[in-house]
Enquirer: 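I am attaching a structure below and will ask some questions about it afterwards.
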Amino acid sequence: MPELPEVETTARGIRSHIESRKILDVKIRNNRLRWPVDNNLSKILASQTLKSVTRRAKYLLLNFETGTLIIHLGMSGSLRVITEPTELKKHDHISLFFDNEIELRYHDPRRFGAMLWTEELIEQHPLFIKLGPEPSEILDPDYLYKLSRDKKAAIKSFIMDNHHIVGVGNIYANEALFLSGIHPKRAAGKISKARFRVLQTHIQAVLKKAIEQGGTTLRDFVNSDGQPGYFAQQLNVYGKAGESCPVCETTIKSLTIAQRNTFYCPNCQR
DNA sequence: AAGGATTCCTGTTGGC
DNA sequence: TGCCAACAGGAATCCT
């Protein structure tokens, strides 16, 4: 389940292998992802040089001379840098071949991911134009507080909404709310400025820390199974219904918010 | 318009 | 043990 830190780790992991390299060919074995992958991708990309690999929200951006290849890993996607002949696995849907004998191989069993070519300015693209800021780039400590006034949605839904802030997936929403002592179902618009400052800080800190931990496994990226090991991080509540709260030992409960599994400590979070 | 529900998909898990 | 339904989840899109 690639969360933002995993996407960032992937960007860092593939960057040095393919940046400033030229595409020789693209092979699409299965074009049915979230949206159909353009079968002309090979024609479009052949002989183009990859200028840079960047990230916006959970999208990976391969920036070429005439446009951008947008890649999303969905919830089961991964990219691997292949350096020597490697047997194709089931769901290895797409390969990009570079002129340094590197293959970038996209694998996605559930096919919630995406690979889209665009020649638009990326921030003008429909998928990007309404995105909120990156957590690390929010400077105003009251940014989320100000946005939330009059909002009746549950705070958990509010912080997971890309229009407000990007990159806060289910795991980090749960963890940040726990660290902030806020009940996930509380109406966003009813949370005080002071508590929102705490929450915003925790969202930023928890993602930053996870990215740093993901970075520690970069060394093994090429030979890994494509899953950067940021999972090593410790989780307080996510997936821990029935276990004891690490702070007060109250039994952690779960409930559903917006069709998402939600975990919280009924004593610590109000 | 805001916010909840639906939808895509397959590997894993739990129940019988 | 084996089969199968339920479940998980990012986020666009549909619906109320």
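Values below: every heavy atom of this structure, side chains too, minus hydrogens, waters and symmetry copies. Chain naming here is simple, since letters A, B, ... match the order of the sequence lines and numbering starts at 1 in each.
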Enquirer: What's the closest nucleotide to the side chain of A/W35 if the choices are B/dA5, B/dG4, C/dT13?
Expert: C/dT13
Enquirer: If you look at every heavy atom in A/I191 and A/R149, which pair is closest and at what distance?
Expert: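 Closest approach of A/I191 to A/R149, heavy atoms only: O-NH2, 2.7 Å.
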Enquirer: Look at A/H91 and B/dG11 and indicate whether a side-chain polar atom (N or O) is within less than 4.0 Å of OP1 or OP2.
Expert: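 The answer is yes; a side-chain N or O of A/H91 sits under 4.0 Å from OP1 or OP2.
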Enquirer: Does a donor on one side chain sit under 3.5 Å from an acceptor on the other, for A/K156 and A/T262?
Expert: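 Side-chain D/A pair, A/K156 to A/T262: present.
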Enquirer: Rounded to the Å, how far apart are A/R34 CZ and B/dC9 P?
Expert: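 After rounding, the gap between these two atoms is 11 Å.
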Enquirer: Which residue, A/A154 or A/K90, contacts DNA chain B at a nucleotide closer to its 5' end, judged by nearest heavy atom?
Expert: A/A154
Enquirer: Under 4.0 Å, counting only non-hydrogen atoms across every strand here, what does A/Y59 touch: a base, just sugar-phosphate, or nothing?
Expert: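 Sugar-phosphate, backbone atoms only, no base.
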Enquirer: Among the clusters formed by ILVMFWY side chains lying less than 4.5 Å apart, do A/M115 and A/F128 turn up in the same one?
Expert: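 A/M115 and A/F128: separate clusters.
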Enquirer: Do the side-chain N or O atoms of A/H72 get closer than 4.0 angstrom to the phosphate oxygens (OP1, OP2) of C/dA11?
Expert: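 So the side chain of A/H72 is within the cut-off, an N or O lying under 4.0 Å from OP1 or OP2 of C/dA11.
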Enquirer: Answer yes or no: side-chain N or O of A/R260 and base N or O of C/dA8 forming a donor-acceptor pair under 3.5 Å.
Expert: no
Enquirer: Does A/R111 have a side-chain nitrogen or oxygen under 4.0 Å from the phosphate oxygens OP1 or OP2 of B/dT10?
Expert: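 Answer is yes, contact under 4.0 Å.
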Enquirer: Check every strand shown and say whether A/D161 touches a base, only sugar-phosphate, or nothing at a heavy-atom separation below 4.0 Å.
Expert: nothing
Enquirer: Could you state the atom-to-atom distance from CG of A/N162 to P of B/dG3 in whole Å?
Expert: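 After rounding, the gap between these two atoms is 16 Å.
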Enquirer: For A/K152 and B/dA2, is the shortest distance between a side-chain N/O and OP1 or OP2 below 4.0 Å?
Expert: no
Enquirer: Would you classify A/L73 as touching base, sugar-phosphate or nothing, given that sugar-phosphate means primed atoms plus P, OP1 and OP2, and contacts are heavy atoms under 4.0 Å?
Expert: nothing
Enquirer: Report yes if the distance between the aromatic ring centroids of A/Y238 and A/F178 is under 6.0 Å, otherwise no.
Expert: no
Enquirer: Give a yes/no on whether any side-chain N or O of A/Y172 is located under 4.0 angstrom from OP1 or OP2 of C/dG9.
Expert: no
